[in-house]
Colleague: 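Structure below; questions to follow.
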Amino acid sequence: MQVIHSIDALRAALKPYVMQDKSIGLVPTMGALHNGHAALIKESVKDCDVTVVSVFLNPIQFGKNEDLDKYPKRLEADAKLAESIGADFVFAPSVAEMYPEGDPLTLVRDESLESLYCGAYRPGHFRGVLTVVSKLFLITGANHAYFGEKDYQQVFLIERMVRDLNFNIKIHRVKIVREESGLALSSRNEYLSELEHSQALSINNGLHQAKELFEKGERRVALLRDVVIKSILANRGQVQYVEVVDQKTLQKFSAVLQPDVKVVILVAAFFGKTRLIDNIELN
Ligand code: PAF
């Protein structure tokens with residue numbers, strides 16, 4: 001496996017695969033890889049002739065007061081993990097390599113969905129994500145790309161972007177990987193103290209309580225939200241949002257769910273200073 005830092009070198013390394021019409025899988029990451037990323041890499045290695053894992057902490061998707069500076073960085077360990085799973089290339093460009101002229105003037109945006117849910121609290125976040133993901137698609141020429149469902153709104157917006165802009169790439173959603181405790185894996189879990197970690201389990205517990213209520217026939221949106229909110233608040237979490245949302249449109253429901261809708265509950269909450277997101281589909 002090769003670690004490559006420049007766009008030209010990556011394109012040169014991938015050229016033989018492109019010439020032979022081989023399938024290229026891309027796993028975009030910001031590094032600090034964990035088993036959630038490992039699941040994405042495994043899928044790509046299984047499906048594709050060649051797998052590229054990008055490790056790029058993308059500054060334009062972070063707000064001024066967010067955790068860009070303290071985000072964990074460990075390229076060597078990331079490369080080892082990617083190699084152990086069978087990745088062929090780790091692409092780890094510098095900020096100057098990706099944005100040689102400073103912040104890009106051309107941005108990819110979804111004007112209607114980028115300001116919902118996470119976007120309401122992280123202005124500019126999704127245009128930063130869509131812009132860097134577009135660049136990675138164009139740089140690698142990948143035919144397949146893999147994203148985790150923990151970032152539900154992110155993968156939804158990426159799928160929509162691919163359709164809107166005719167990117168010739170198949171987006172694969174990969175199920176959330178959880179610790180045995182139920183906490184969804186995230187590079188940000190490292191910020192949690194032991195106490196906060198145990199309190200954060202209330203997110204998944206609350207989501208499961210909502211799912212149980214739903215399975216027993218509860219269709220009142222307020223009740224499904226409340227059970228999640230109460231679980232988090234009872235464990236000293238601060239709720240940023242809990243919304244009951246249409247899986248197909250990402251629009252939020254209010255009042256009572258109709259029988260034929262496909263629902264996902266999206267959550268963002270703080271434990272101490274750490275912001276975590278999670279979700280559960282109710283099918
Ligand atoms: O989900 C992430 O890690 C990032 O948002 C992504 C998709 C790698 C873009 O920087």
Colleague: For Glu215, I'd like to know if atom CD has over 12 heavy atoms of other residues, nucleotides or ligands within 6.0 Å.
Modeller: yes
Colleague: Restricting to non-hydrogen atoms, name the atom on Ser6 and the atom on Glu97 that form the minimum distance, rounded to 0.1 Å.
Modeller: CA-OE2, 3.4 Å
Colleague: Would the number of heavy atoms belonging to other residues, nucleotides or ligands and lying under 6.0 Å from CG of Asp21 be above 12?
Modeller: no
Colleague: Can you list the steps and then say if Arg173 with Phe156 is a side-chain contact (heavy atoms from CB on, under 4.5 Å)?
Modeller: CA-CA 9 Å; Arg173 287 181 177 219; Phe156 187 97; 4.1 Å; yes
Colleague: Closer than 3.5 angstrom, by distance alone: can the side chain of Gln240 be matched with the main-chain N or O of Ala269 as a donor-acceptor pair?
Modeller: no
Colleague: State, with a plain yes or no, whether a side-chain heavy atom of Tyr241 is found less than 4.5 Å away from one of Lys252.
Modeller: no
Colleague: Do any N or O atoms from the side chain of Glu43 and from the backbone of His172 form a donor-acceptor pair under 3.5 angstrom?
Modeller: no
Colleague: I'd like to know if the side chain of Ser115 reaches the main chain of Ala120, judged simply by a donor and an acceptor atom lying under 3.5 Å from each other, with no hydrogens or angles considered.
Modeller: no
Colleague: Assess whether a salt bridge exists between Asp278 and Arg178, defined as any Lys/Arg side-chain N lying under 4.0 Å from an Asp/Glu carboxylate O.
Modeller: yes
Colleague: Ion pair present between Arg163 and Glu159, side-chain N to carboxylate O less than 4.0 angstrom?
Modeller: no
Colleague: Tell me whether Val55 is reachable from Tyr146 by hopping between hydrophobic residues (I, L, V, M, F, W, Y) whose side-chain heavy atoms are closer than 4.5 Å.
Modeller: yes
Colleague: For a 4.5 angstrom cut-off between non-hydrogen side-chain atoms, does Ile265 reach Val244?
Modeller: yes
Colleague: Look at atom CG of Asp164 and say whether more than 12 heavy atoms of other residues, nucleotides or ligands are closer to it than 6.0 Å.
Modeller: yes
Colleague: Can you find a heavy atom in the side chain of Asn143 that is under 4.5 Å from one in the side chain of Lys170?
Modeller: no
Colleague: Kindly give the heavy-atom pair with the smallest separation between Ser44 and Val27, and that separation in Å.
Modeller: CB-CG2, 3.9 Å
Colleague: Under 3.5 Å, is there a donor-acceptor pair between the Asp49 and Ser23 side chains?
Modeller: yes
Colleague: Which atom names give the shortest non-hydrogen contact between Ser187 and Gly31, and what distance separates them?
Modeller: OG-O, 3.7 Å
Colleague: Does the Glu149 side chain pair with the main chain of Asn279, one donor and one acceptor, at a distance under 3.5 Å?
Modeller: no
Colleague: Mind checking the CG-CZ spacing from Leu157 to Phe126? Nearest 0.5 Å is all I need.
Modeller: 5.5 Å
Colleague: Ignoring hydrogens, what is the shortest heavy-atom contact between Leu223 and Leu213? Give both atom names and the distance.
Modeller: O-CD1, 4.3 Å
Colleague: Got more than 12 heavy atoms from elsewhere within 6.0 Å of CD, Gln20?
Modeller: yes
Colleague: Are the side chains of Leu81 and Ile41 in touch, meaning some heavy atoms are under 4.5 Å apart?
Modeller: no
Colleague: Can you get from Val263 to Ile280 by hopping between Ile, Leu, Val, Met, Phe, Trp and Tyr side chains that sit under 4.5 Å apart?
Modeller: yes
Colleague: What about Leu195 and Phe271, same hydrophobic cluster or not, with Ile/Leu/Val/Met/Phe/Trp/Tyr joined at side-chain heavy-atom distances under 4.5 Å?
Modeller: no
Colleague: Can you tell me how far apart CG (Asn189) and CG (Leu276) are? Round to the nearest 0.5 Å.
Modeller: 6.0 Å
Colleague: Between Lys73 and Asp69, is there a donor-acceptor pair closer than 3.5 Å when you use the side chain of the first and the backbone of the second?
Modeller: yes
Colleague: Are there more than 12 heavy atoms of other residues, nucleotides or ligands under 6.0 Å from atom NZ of Lys15?
Modeller: no
Colleague: Less than 4.5 Å apart, side chain to side chain, heavy atoms only: is that true for Met30 and Val132?
Modeller: no
Colleague: First locate atom CZ of Phe89, then atom CG of Leu10, and finally report the distance between them rounded to the nearest 0.5 Å.
Modeller: 7.0 Å
Colleague: Can you tell me how far SG of Cys48 sits from NE2 of His144, rounded to the nearest 0.5 angstrom?
Modeller: 4.5 Å
Colleague: Does Arg225 count as lying over the ring of Phe253, i.e. NZ or CZ under 6.0 Å from the six-ring centre, within 45 degrees of the axis?
Modeller: no
Colleague: Before accepting this row, confirm whether a basic side-chain N of the pair Lys80/Glu83 lies closer than 4.0 Å to the acidic partner's carboxylate O.
Modeller: no
Colleague: Using 4.0 Å as the upper bound for N to carboxylate O, is an ion pair formed by Asp67 and Arg188?
Modeller: yes
Colleague: Taking everything shown except Arg74 itself, do over 12 heavy atoms lie less than 6.0 Å from its CZ?
Modeller: yes
Colleague: Within 45° of the six-membered ring axis of Phe214 and under 6.0 Å from that ring's centre, is NZ or CZ of Arg219 located there?
Modeller: yes
Colleague: Give a yes or no on whether Asn35 atom CG has more than 12 heavy-atom contacts from other residues, nucleotides or ligands under 6.0 Å away.
Modeller: no
Colleague: If Ile, Leu, Val, Met, Phe, Trp and Tyr residues are connected whenever their side-chain heavy atoms lie under 4.5 Å apart, and connections chain through other members, are Tyr152 and Val239 in the same group?
Modeller: no
Colleague: Could you pull out the closest heavy-atom pair between Lys175 and Glu281, with the gap in Å?
Modeller: NZ-OE1, 4.0 Å
Colleague: Report the C-alpha separation of Leu207 and Val267 in whole Å, then their side-chain angles, then the decisive distance to 0.1 Å, and conclude whether the side-chain contact (heavy atoms from CB on, under 4.5 Å) test is met.
Modeller: CA-CA 9 Å; Leu207 287 171; Val267 181; 3.7 Å; yes
Colleague: Would a 4.5 Å heavy-atom cut-off, applied to side chains only, mark Ile277 and Tyr117 as touching?
Modeller: no
Colleague: So, Ser134 side chain and Leu130 main chain: donor-acceptor pair closer than 3.5 Å or not?
Modeller: yes
Colleague: Any chain of hydrophobic side-chain contacts (each under 4.5 Å) joining Val228 to Val245?
Modeller: no
Colleague: Report yes if the side chains of Leu165 and Val108 come closer than 4.5 Å at any heavy-atom pair, otherwise no.
Modeller: yes
Colleague: For the backbone of Gly272 and the side chain of Gln199, can you confirm whether one donor and one acceptor N or O come within less than 3.5 Å of each other?
Modeller: no
Colleague: Using 30° and 60° as the class boundaries, would you call the ring planes of His34 and His37 parallel, tilted or perpendicular?
Modeller: tilted
Colleague: So which heavy atom on Val50 is nearest to which on Asp88, and how close?
Modeller: CA-OD2, 3.3 Å
Colleague: Decide side-chain contact (heavy atoms from CB on, under 4.5 Å) for Glu196 and Phe270; before the verdict, give the C-alpha distance in whole Å, the side-chain angles of both, and the deciding distance to 0.1 Å.
Modeller: CA-CA 9 Å; Glu196 288 161 356; Phe270 278 92; over 6 Å; no
Colleague: Roughly how far apart are Met98 CE and Ser54 OG, rounded to 0.5 Å?
Modeller: 7.5 Å
Colleague: Would you please classify the geometry between the Tyr71 ring and the Tyr191 ring as parallel, tilted or perpendicular, with 30° and 60° separating the classes?
Modeller: perpendicular
Colleague: Go through the steps to decide whether Ile171 and Phe137 satisfy the test side-chain contact (heavy atoms from CB on, under 4.5 Å), and finish with yes or no.
Modeller: CA-CA 11 Å; Ile171 303 301; Phe137 288 174; 3.8 Å; yes
Colleague: Regarding His197 and Glu179, do their side chains bring together a donor and an acceptor under 3.5 Å, going by distance alone?
Modeller: yes
Colleague: Atom CG of Leu257 and atom CD of Glu218: how far apart are they, to the nearest 0.5 Å?
Modeller: 9.0 Å
Colleague: Below 30° counts as parallel, above 60° as perpendicular, anything between as tilted: where do the rings of Tyr99 and Phe56 land?
Modeller: tilted
Colleague: Answer whether the closest heavy-atom distance between the side chains of Leu192 and Leu183 falls below 4.5 Å.
Modeller: yes
Colleague: I'd like to know if the side chain of Asp246 reaches the main chain of Gln251, judged simply by a donor and an acceptor atom lying under 3.5 Å from each other, with no hydrogens or angles considered.
Modeller: no
